[in-house]
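Working notes, structure below.
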Amino acid sequence: MTPPQEQAGISATALSEEPTYQDIPLVDLAAQQREVQGQVDAGLGHIFSHTAFIGGEAVTRFEQDYAQFLSSGHCVGVGNGTDALELALRACGIGAGDEVIIPANTFIATAEAISLTGARPVLADVDPTYLLIDPEAVATAITANTRAIMPVHLYGQTAFVEQLTPLAQSCGAVIIEDAAQAQGATRFGQSAGTLGDIAGTSFYPGKNLGAAGDAGAVLTNDDQLATQVRMLAAHGSRSKYVHERLGRNSRLDAIQAVVLNAKLERLAHWNELRRQAAARYEELLTGVAGVTLPQQAAGNQDIWHLYVVQVEDRDRVVAELNASGIGAGIHYPYPVHLTQAFAHLGYKAGDFPVTEHAAGRILSLPLYPHITREQQLRVVDELMRVVQQ
Ligand SMILES: *Cc1c(COP(=O)(O)O)cnc(C)c1O
């Protein structure tokens, strides 16, 4: 089974090994790498020959182009996605004594970023169809200490932010989007990451837009929040050696920016290839007994970061798929409130029944832009064989 420490959407093997003719990894980065190799080599050559490792043209260009790609006012490159969320929270002034509402079904980093500021993550259950944060559950989780609602655009979908906005307004909270799994996803034509007050995203290698290591960004239309994030990520200073706030160091490396610039040019196309692959799974799996397929919510254009089906007896199904060379994963096997790291929040099993029920049934099938029809046919054959045993 997938180790719990696995990051979203990628297995260790996918990072380190070329797939054999028979194996189909959860994510295959090699084909992406081949497409950008020439451009990356040229960009890296430039950086090394100029020894321009921090900041510089590649970083500025990426920030401008990614902001434009999403129609966001600002993009501030940072060290990774978890930092991006934490910096977004800090820029909004959130810290000790504050509560931030997040979905119970998410990657652990969403909760970590909140705890790292001193604030408290307050969990809300998800809806059973899309497994996205449920606005009704958010409404009941609001208290006098609620300072932010943090929807997670999970699996490449966009959460129902327009239903959260009135709730946030009713209690004076901000909306901070976790857009790590939704680079290019839209809801009613607007990009995930531009629907709230501020957003954090991750360019971990297995995300739809992935670097060659860790990287992330904060997005916002608010000039002041953008200035705060930039300052906090650069030792609390706007001009060298003038430190206005307690900050830290979280920068987007020039080397990562080179890779991201090359991949950003192809992101829309790669997202389209993912949509085609998702449509092919749907065509092949519709009507198969024992497999519940993911749905796209009305108004959403999903980018299929993960293709998550639901099955009975999931652990056996995953084990058997893995044993036959199919890189099936689980996102996520242990809900935040049932992890040891967040035991101190005081939740117990049964508190978030939809999330807990889904955690025992969800299974991510291999999906990446360059997956072939033959590979998908093999995944489907194996899945049908294993499920119908
Ligand atoms: C990947 C991810 C993050 C964290 O990003 P890192 O770059 O790994 O720190 C946060 N939230 C979600 C939903 C993610 O999938």
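Only this structure's heavy atoms are used, side chains among them; waters, hydrogens and symmetry mates stay out. Ligands are counted one by one from 1 in listed order, and the atoms in each one are counted from 1 as well.
If you number the atoms of ligand 1 from 1 as listed, the ones under 4.0 Å from a heavy atom of Gly81 come out as 5 (O), 6 (P), 7 (O), 9 (O). Counting atoms of ligand 1 from 1 in the listed order, those under 4.0 Å from a heavy atom of Thr82 are 4 (C), 5 (O), 6 (P), 9 (O). Taking a cut-off of under 4.0 Å to the non-hydrogen atoms of Ala180, the atoms of ligand 1 that pass are 2 (C), 3 (C), 10 (C), 11 (N), 12 (C), 14 (C), 15 (O).
Between Ser202 and ligand 1, at least one pair of N/O atoms sits closer than 3.5 Å.
Residues Tyr66 and Thr201 are in side-chain contact: their nearest non-hydrogen atoms beyond the backbone lie under 4.5 Å apart.
Under the rule for a side chain to side chain contact (heavy atoms under 4.5 Å, CB included), the partners of Val259 that lie at least two apart in sequence or sit in another chain are Val40, Ala212, Lys263.
Considering each of Ala109, Ala217, Ala113, the one bringing a non-hydrogen atom nearest atom 10 (C) of ligand 1 is Ala109. Heavy-atom proximity to atom 2 (C) of ligand 1, evaluated over His331, Gln181, His305, Lys207, is greatest for Lys207.
In this structure, CD on Gln181 lies 5.0 Å from NZ on Lys207, to the nearest 0.5 angstrom. Distance check, rounded to the nearest 0.5 Å: CD of Gln39 to CG of Leu44 gives 11.0 Å. Here the CG atom belonging to Leu116 is positioned 8.5 Å from the OG1 atom belonging to Thr82, to the nearest 0.5 angstrom.
Applying the salt bridge (Lys or Arg N to Asp or Glu O under 4.0 Å) test to every pair with at least one member in residues 124-133, sequence neighbours left out, gives no pairs at all.
Under 4.0 Å from ligand 1, the heavy atoms of Asp178 that appear belong solely to its side chain. If you look at Val152 next to ligand 1, the close heavy atoms, those under 4.0 Å, all belong to the side chain.
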